[in-house]
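Contents: one structure, followed by commentary.
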Protein chains: 2
Amino acid sequence: MNLKELAAKLGLSPTTVSRALNGYPEVNESTRERVMAAAKRHNYRPNTRAIRLATGRAFAIGHVIPLATRHEIVNPIFADFIAGAGETYSRNGYDMVLSVVPDENEEDAYRDLKARGSVDGMILHAPLMNDPRIALLHDVGLPFVVHGRATGADLPYSWVDVNNRRAFLRATEFLLDLGHTRIGLVNGLEHMDFAIRRRSGYADALAARGIALDPALMSSDEMTEVAGYRAAGRMLDLPDPPTALLAASMISGMGVRRAVEERGMEIGRDISIIIHDDDLSYMKNGEDVPIFTATRSSVREAGRLAAEMLLSLVAEPAQGPQTRMLEAELIIGQSTGPAPRKG
Amino acid sequence: MNLKELAAKLGLSPTTVSRALNGYPEVNESTRERVMAAAKRHNYRPNTRAIRLATGRAFAIGHVIPLATRHEIVNPIFADFIAGAGETYSRNGYDMVLSVVPDENEEDAYRDLKARGSVDGMILHAPLMNDPRIALLHDVGLPFVVHGRATGADLPYSWVDVNNRRAFLRATEFLLDLGHTRIGLVNGLEHMDFAIRRRSGYADALAARGIALDPALMSSDEMTEVAGYRAAGRMLDLPDPPTALLAASMISGMGVRRAVEERGMEIGRDISIIIHDDDLSYMKNGEDVPIFTATRSSVREAGRLAAEMLLSLVAEPAQGPQTRMLEAELIIGQSTGPAPRKG
DNA sequence: AATCGGTTTCAAACCGCTTTGGATGGCGCA
DNA sequence: TGCGCCATCCAAAGCGGTTTGAAACCGATT
């Protein structure tokens with residue numbers, strides 16, 4: 001059942017039927033109702049392919065997922081972000097198109113999406129320091145929103161991000177307040193923008209108390225269980241090991257815990273752990289009582305917000321870059337306690 | 001730059017240019033080359049919206065993701081599957097459209113995708129026992145492939161699945177061979193088809209050795225860290241606790257490990273653990289030496305295969321349902337050992 | 001009765017491609 | 001020379017909607 005057939009059945013022109021369905025004012029209310037009823041009765045759905053061609057809009061948002069080396073992106077955080085964004089899209093009648101491409105084709109993927117008219121806007125994931133994709137997307141000329149920020153980008157852009165620096169600053173301060181002075185940082189890869197910011201929050205908190213940075217207490221690697229395990233193990237085996245560890249994610253935290261427990265230490269007594277918790281739906285930090293003390297912010301919510309922002313930019317590109325900073329909360333769990341006395 | 005403009009520049013008709021670019025035979029080789037060159041030079045990309053309307057094909061595959069209650073689906077397994085499938089799609093010039101909808105709208109989502117012509121086929125995720133969606137998708141009338149199987153479905157359908165029953169049968173047998181007789185099962189939700197099959201593999205292996213099922217040693221819950229922790233804890237606190245545990249996933253396994261270590265037991269000596277490892281890219285089971293002994297199969301590979309199968313069905317729907325059974329390998333890690341002697 | 005502004009409706013063009021059904025021209029062959 | 005057959009190329013008609021510009025209709029005003 002297409003528009004023409006429906007119009008024929010009603011004895012109206014396609015023009016009028018189209019207008020009636022799309023809520024244009026220049027159609028008599030009684031005919032509109034007639035049209036609406038007929039559409040429902042015949043279960044009419046306009047063909048999206050036709051709408052897209054006619055309007056020149058795709059009613060779709062693109063997400064490019066580079067594959068191989070930067071495979072960080074197919075990670076739990078990404079999945080939850082997608083869920084949040086997808087929710088917003090479908091509520092607004094938009095499709096979400098995911099483009100999974102080999103790293104080296106990432107640039108092409110963005111250009112293709114635009115040139116072939118498959119999407120009206122894009123979300124940029126996992127920005128790096130000085131990320132060249134910001135300039136690329138400007139060049140491509142579609143509205144876009146970055147999940148995170150890209151230190152060093154000179155062009156303006158829209159973003160939704162959590163205040164990573166402040167989160168890690170607060171977490172570090174909290175540990176310092178508990179008397180810890182040897183605090184290890186199990187960070188994500190430090191070409192990722194968020195990791196840089198976290199490190200700077202950590203460094204600033206230490207500096208404020210006059211504690212020098214110790215490179216041996218700072219690691220940077222993927223946010224996997226194994227990497228967390230390895231980094232924590234290295235630090236714990238130092239002659240002067242840390243009494244507290246900051247981990248970049250729930251998953252890193254699991255690895256840290258494994259390393260700690262393997263050494264027979266008790267978490268919260270012998271050693272304190274704080275993680276950053278992205279509040280993932282299937283990777284909860286405990287139930288009522290959190291397992292880990294954590295800086296928490298919802299990625300899914302970030303996904304929702306980024307999608308809303310993007311849709312608004314698509315509707316009105318002239319409004320210029322938007323930004324939204326989310327604050328993480330510091331929630332206290334069982335994994336932190338006062339620094340053990342020396343000896 | 002669109003087809004008409006390109007044709008004008010070349011002094012040819014749009015027809016010829018279209019044919020030249022699409023490899024039709026009725027065009028002179030020299031003009032074809034001329035066209036190809038011009039297309040490249042002017043960076044011409046056909047407008048997908050127009051192609052879609054003209055051909056009546058969407059060049060896109062749909063994945064519906066129900067949100068709320070069955071939120072299992074936004075899980076690591078899903079993400080990796082998507083990555084595999086997406087890879088196949090983009091290699092074949094297809095888009096992947098994700099539709100994230102509230103549970104109650106799931107049926108509508110499938111129908112919409114079809115009625116509005118947004119996709120040429122769909123993937124059905126996380127099938128349940130007697131899953132009504134199989135009949136629904138038949139009714140909708142688009143080619144589809146199920147990731148997993150749906151026990152009790154009476155209609156034929158295409159699927160890609162791992163042999164869950166055999167995987168858990170083998171894992172259980174392996175533990176039995178090590179002398180374990182009290183073996184706990186930390187399963188996924190048992191309305192999920194794969195969980196049923198795993199349980200039956202477990203049950204069959206025990207039955208073959210004449211060991212009766214003990215309900216206290218079987219749990220069924222979401223595959224989260226917390227659920228794994230809780231289930232394992234309950235079993236370990238029994239008067240006659242298990243000496244071995246089977247966990248449904250890497251994440252459940254983490255929870256199991258937490259429960260075990262909390263009780264001061266040593267994994268591989270006091271208690272053996274086998275997990276099912278979906279070989280997730282960011283949740284590796286250790287590096288060279290696996291942390292957990294595991295039944296392993298790659299979800300990402302399953303995603304690739306399912307996508308390939310679906311594309312072939314889209315190209316030739318007449319070929320009828322295809323199926324593909326994957327076998328999991330049993331890999332030996334550090335988490336299993338002989339049953340401790342009684343006493 | 002003629003004019004007019006406002007409301008409804010419609011025919012036709014258009015979006016950018018594919019595809020059908022010819023046209024055209026060159027060539028070999030009778 | 002004339003014919004038929006390919007090999008090439010093209011004009012035009014879709015695909016199923018939206019949108020422009022104009023027509024038709026209406027009651028009210030002059």
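Remember, it's a predicted structure, so these values are computed and weren't measured experimentally.
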* Establish, yes or no, whether a centroid distance under 6.0 Å links the rings of Y89(B) and H63(B). => yes
* Indicate the ring-plane relationship of H125(B) and H147(B), choosing parallel, tilted or perpendicular according to the 30° and 60° boundaries. => perpendicular
* Does S13(A) have a side-chain nitrogen or oxygen under 4.0 Å from the phosphate oxygens OP1 or OP2 of dC10(C)? -> yes
* To do: Using only heavy-atom distances, determine whether the side chains of S312(A) and Q319(A) contain a donor-acceptor pair under 3.5 Å.
  => yes
* Give the nucleotide from the list dG16(C), dT18(D), dC17(C) with an atom nearest to the side chain of I51(B). => dC17(C)
* Asked: Does N2(A) put a side-chain nitrogen or oxygen below 4.0 Å from OP1 or OP2 of dC15(D)?
  -> no
* Asked: Does N22(B) make a side-chain N or O approach to OP1 or OP2 of dT18(C) shorter than 4.0 Å?
  -> yes
* Of all the choices, dG17(D), dT9(C), dC17(C), which nucleotide is nearest to the side chain of L3(B) once you look at every atom? -> dC17(C)
* Can a side chain N or O of N28(B) be found less than 4.0 Å away from OP1 or OP2 on dT8(D)? -> yes
* Asked: Do S13(A) and T16(A) have side-chain atoms, one donor and one acceptor, less than 3.5 Å apart?
  -> yes
* Asked: Tell me: CG of N47(A) to P of dC15(C), nearest whole Å?
  -> 19 Å
* To do: Respond yes when some side-chain nitrogen or oxygen of T31(A) is under 4.0 Å from OP1 or OP2 of dT9(C), and no when none is.
  => yes
* Asked: Does a side-chain N or O from S18(A) land closer than 4.0 Å to OP1 or OP2 of dG17(D), or not?
  -> no
* Asked: Which nucleotide sits closest to the side chain of A54(B): dT18(D), dG14(D), dT19(C)?
  -> dG14(D)
* Take P14(A) and K4(B), find for each the nucleotide of DNA chain C with the closest heavy atom, and name the residue whose nucleotide sits nearer the 5' end. => P14(A)
* To do: Kindly point out which of dG16(C), dC10(D), dG17(D) is positioned nearest to the side chain of A50(A)?
  => dG17(D)
* Given dC17(C), is OP1 or OP2 found less than 4.0 Å from the side-chain N or O atoms of Y44(B)? -> yes
* Using 4.0 Å as the upper bound for N to carboxylate O, is an ion pair formed by R52(A) and D95(A)? -> yes
* Structure fact -> The nucleotide from dC9(D), dT18(D), dG16(C) with an atom nearest the side chain of T55(A) is dT18(D)
* Asked: Does dT19(D) have OP1 or OP2 sitting under 4.0 Å from an N or O in the side chain of Y24(A)?
  -> yes
* Contact under 4.0 Å: T16(A) side-chain N or O vs dC10(C) OP1/OP2 -> yes
